[in-house]
**Student:** 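My questions all concern the structure below.
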Amino acid sequence: MSSHGAPIPMTSSKCGPLKGVAHVPGDKSISHRSLILGAMSVGETRITGLLEGQDVLDTGKAMRAFGAGVTDLGGGEWAVQGVGVGGFAEPEGVIDCGNSGTGVRLIMGTMATTPITATFTGDASLNGRPMGRITDPLALFGTQAYGRKGGRLPLTLVGAADPMPVRYTVPMPSAQVKSAVLLAGLNAPGQTVVIEKEATRDHTERMLSGFGADISVEETEEGRVITLNGQPELKPQTIVVPRDPSSAAFPVCAALIVEGSDVLVPNIGLNPTRAGLFTTLREMGANLTYENEREEGGEPVADLRAKFSPDMKGIAVPPERAASMIDEYPILSVVASFAEGRTYMAGVKELRVKESDRIDAMAVGLRANGVDVDETEDSWTVHGMGPGGVKGGATCATHLDHRIAMSFMCLGMATDHPVMIDDGGAIATSFPIFEDLMGGLGADVARR
Ligand code: S3P
């Protein structure tokens, strides 16, 4: 089943060289946060380059349901009329976050310390994902949660009327959990402290500081200690959303495996908490270069140039790098299929609770297309077949997971036989222009 409508079966067939410039959409993580923090500030926030994928549109709809004004001004520009910290109104209907774990988890945090009640739901993928990791720390603020077994959605939250500030150590590497606690801490008096043992993407911290919150980060023996002073007045901002490195990964990786390719992917944020894939690819011997390196809005940015790379070797990806490339393991496993030797990916248990169980979804589909894959609960190994060595020919189940769908479409660009997916509907959640963009570079990806 597709997340929004009938399934969209798709086929990707071997193509000639991929060539040209790939302008990928805005960053999904930053887009969600722009709408949410805009809604929490006092006045009008302007956003350009917002990702207009379904996940982010669902967050925009939710912000309206809580009383903020969210207006599409056209051409990727949006205006958000904020209601201020603690200013959320009780929504009249159920908040449907579709496929988006980031959307629902951040919004649950944001409303948790306001005395209103809201019920959240999503599609079959989202309703199967764990929410206890959010409701457990929110309970420390005084928020009550009534969900299905295992804390699954649909779930009702009753916001705390007299929230307590909390000190919380995030038990797994998760930017969503960290962010939910910080957003809840915004409307609690005093200091909320969040500790993460491993650094995860830091967009929430950076943006809270940009919106004028009093937030500090200290590296200690315990880990990253983030301290937020509650109940600030957030000031509206003008935000230019950088392009998404997680979306850039698809044209970059496709170019590395398709013979003769040379693709430029401009303006990609290389925040170290997000750029682990590109480091890994370069260690594997990928012909991937950073051009025009610069700083924009306090973030390192570069144009990525990726060329066909017939000499890539499998490596052991350091587990401490996992958080900085957690969404990129599916497409890395595709590149690894065309490298020589084994690629070992450890410390990645979190992949099992994403939009799908991503280790299982990729392992099953890669095996069906002629690639050997071994897996344990928290690691997996892809046995590379070398350039041009993957047979293809099989249909892969995508489990409502956009990154699984796009990864298998990239696989088919370099296999002997076409690769099919049962449903590409979820691609629109993060990369609505994927088919057109890849087609423009020379890929043969079609709905059939
Ligand atoms: C995200 C955090 C990550 C990532 C997701 C986006 C975010 O999830 O997988 O796509 O924007 O905070 P986890 O927090 O579950 O690691």
Side-chain angles (χ1 to χ4, degrees), residues 10 12-31 48-53 55-56 75-76 240-271 274-282 286-294 296 299-309 312 325 327-328 330-332 334-335 338 402-414 419 424 426-447:
M10 292 171 63
S12 175
S13 308
K14 192 169 191 135
C15 56
L18 299 173
K19 299 252 179 191
V21 182
H23 293 288
V24 301
D27 189 286
K28 182 152 73 69
S29 294
I30 295 176
S31 293
T48 49
L50 188 82
L51 165 63
E52 293 174 352
D55 277 9
V56 175
V240 180
V241 179
R243 293 175 194 268
D244 198 327
S246 298
S247 296
F250 295 102
V252 163
C253 289
L256 301 180
I257 60 174
V258 173
E259 199 171 337
S261 297
D262 182 350
V263 170
L264 185 72
V265 191
N267 299 322
I268 301 305
L270 292 177
N271 178 319
R274 294 290 298 282
L277 172 74
F278 305 125
T279 307
T280 300
L281 292 171
R282 280 153 57 121
N287 191 337
L288 170 63
T289 48
Y290 300 161
E291 296 182 358
N292 194 13
E293 286 184 62
R294 57 204 183 270
E296 274 174 25
E299 298 262 1
V301 171
D303 306 334
L304 307 183
R305 183 173 290 280
K307 295 185 184 172
F308 176 54
S309 303
M312 289 187 288
M325 53 180 288
D327 290 335
E328 283 67 73
I331 188 62
L332 175 64
V334 169
V335 173
F338 294 94
H402 53 133
R403 298 201 198 281
I404 300 300
M406 291 186 280
S407 295
F408 284 125
M409 290 294 86
C410 290
L411 179 75
M413 293 172 201
V419 171
I427 291 173
T429 61
S430 71
F431 202 156
I433 59 167
F434 176 77
E435 289 162 80
D436 283 350
L437 182 143
M438 295 309 302
L441 297 175
D444 179 2
V445 175
R447 296 183 176 207

**Student:** Show the nearest heavy-atom pair for residues Gly26 and Leu51, with the distance to one decimal.
**Tutor:**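 Taking every non-hydrogen atom into account, O-CB, 3.4 Å.
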
**Student:** Do you know which two heavy atoms are closest between Thr279 and Tyr290, and how far apart they sit?
**Tutor:**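 What the structure gives for the nearest pair is N-OH, 4.3 Å.
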
**Student:** Are the side chains of Ile257 and Leu411 in touch, meaning some heavy atoms are under 4.5 Å apart?
**Tutor:**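 Not touching, per the 4.5 Å side-chain cut-off.
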
**Student:** Go through the structure and list residues passing side chain to side chain contact (heavy atoms under 4.5 Å, CB included) with Thr48, not counting sequence neighbours.
**Tutor:**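 Checked Thr48 against side chain to side chain contact (heavy atoms under 4.5 Å, CB included); matches are Glu77, Val240.
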
**Student:** Between Gly424 and Met10, what is the shortest heavy-atom contact and its length?
**Tutor:**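 Residues Gly424 and Met10, closest heavy atoms: CA-SD, 3.7 Å.
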
**Student:** Is the backbone N or O of Asp55 less than 3.5 Å from a side-chain atom of Thr429, with the two atoms forming a donor-acceptor pair by type?
**Tutor:**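 Judged by distance alone, no pair lies under 3.5 Å.
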
**Student:** With a 4.5 Å limit on heavy-atom distance, are the side chains of Ser430 and Met406 in contact?
**Tutor:**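 When only atoms from C-beta onward are counted, Met406 and Ser430 do touch, with a gap below 4.5 Å.
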
**Student:** Considering only heavy atoms from C-beta outward, does the side chain of Lys28 approach that of Ser247 to under 4.5 Å?
**Tutor:**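 In short, these two side chains do not touch, never coming nearer than 4.5 Å.
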
**Student:** If you look at every heavy atom in Val24 and Phe431, which pair is closest and at what distance?
**Tutor:**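 Looking at all heavy atoms of both residues, the shortest contact is CG1-CZ, 4.0 Å.
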
**Student:** As an exercise, state the distance from CG of Asp444 to SG of Cys15, rounded to the nearest 0.5 Å.
**Tutor:**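 It is 7.5 Å, given to the nearest 0.5 Å.
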
**Student:** Can you list the residues that meet the salt bridge (Lys or Arg N to Asp or Glu O under 4.0 Å) rule with Arg294, with sequence neighbours excluded?
**Tutor:**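 With sequence neighbours excluded, Arg294 shows a salt bridge (Lys or Arg N to Asp or Glu O under 4.0 Å) to Glu296, Asp303, given in chain and number order.
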
**Student:** Quick check: closest heavy atoms across Ile427 and Ala405, and the distance to 0.1 Å?
**Tutor:**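 Shortest heavy-atom contact: CG1-CB, 3.7 Å.
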
**Student:** As a test of understanding, state which of Leu441, Leu264, Leu304 forms a side-chain contact (heavy atoms from CB on, under 4.5 Å) with Pro251.
**Tutor:**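 Exactly one option meets the side-chain contact (heavy atoms from CB on, under 4.5 Å) with Pro251, and it is Leu441.
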
**Student:** Mind checking the CD1-CZ spacing from Ile30 to Arg243? Nearest 0.5 Å is all I need.
**Tutor:**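 Here the interatomic distance stands at 13.0 Å.
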
**Student:** Taking C-beta and beyond as the side chain, do Phe434 and His402 meet within less than 4.5 Å on heavy atoms?
**Tutor:**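 Of all side-chain heavy-atom pairs linking His402 with Phe434, none is under 4.5 Å.
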
**Student:** Got Leu277 and Cys253 here, is their nearest side-chain heavy-atom distance under 4.5 Å?
**Tutor:**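 The answer is yes; the side chains approach within 4.5 Å.
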
**Student:** For residues Ser407 and Arg403, report the shortest heavy-atom separation together with the two atoms involved.
**Tutor:**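 Here Ser407 and Arg403 meet closest at OG-O, 2.6 Å.
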
**Student:** Is there a side-chain contact between Ile433 and Pro25 (heavy atoms, below 4.5 Å)?
**Tutor:**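 In contact.
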
**Student:** Distance check, rounded to the nearest 0.5 Å: Met312 atom CE versus Arg282 atom CZ?
**Tutor:**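 Reported to 0.5 Å precision, the distance equals 14.0 Å.
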
**Student:** First locate atom CE of Met413, then atom CZ of Phe338, and finally report the distance between them rounded to the nearest 0.5 Å.
**Tutor:**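 Met413 atom CE to Phe338 atom CZ measures 10.5 Å (nearest 0.5 Å).
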
**Student:** Are Leu437 and Phe250 close enough that some pair of their side-chain heavy atoms sits under 4.5 Å apart?
**Tutor:**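 Side chain of Leu437 against side chain of Phe250, heavy atoms only: no contact under 4.5 Å found.
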
**Student:** Hey, is Arg274 close enough to Asp327 for a salt bridge, meaning N to O under 4.0 Å?
**Tutor:**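 Salt bridge flag = no for Asp327 with Arg274.
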
**Student:** Can you tell me how far the OG atom of Ser246 sits from the CG atom of Asp244, to the nearest 0.5 Å?
**Tutor:**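 The OG atom of Ser246 sits 4.5 Å away from the CG atom of Asp244.
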
**Student:** Does any pair with a residue in residues 254-263 pass side-chain hydrogen bond (donor to acceptor under 3.5 Å, both in side chains), and if so which ones, sequence neighbours excluded?
**Tutor:**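 Residue pairs with at least one partner in residues 254-263: Asp262-Arg305.
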
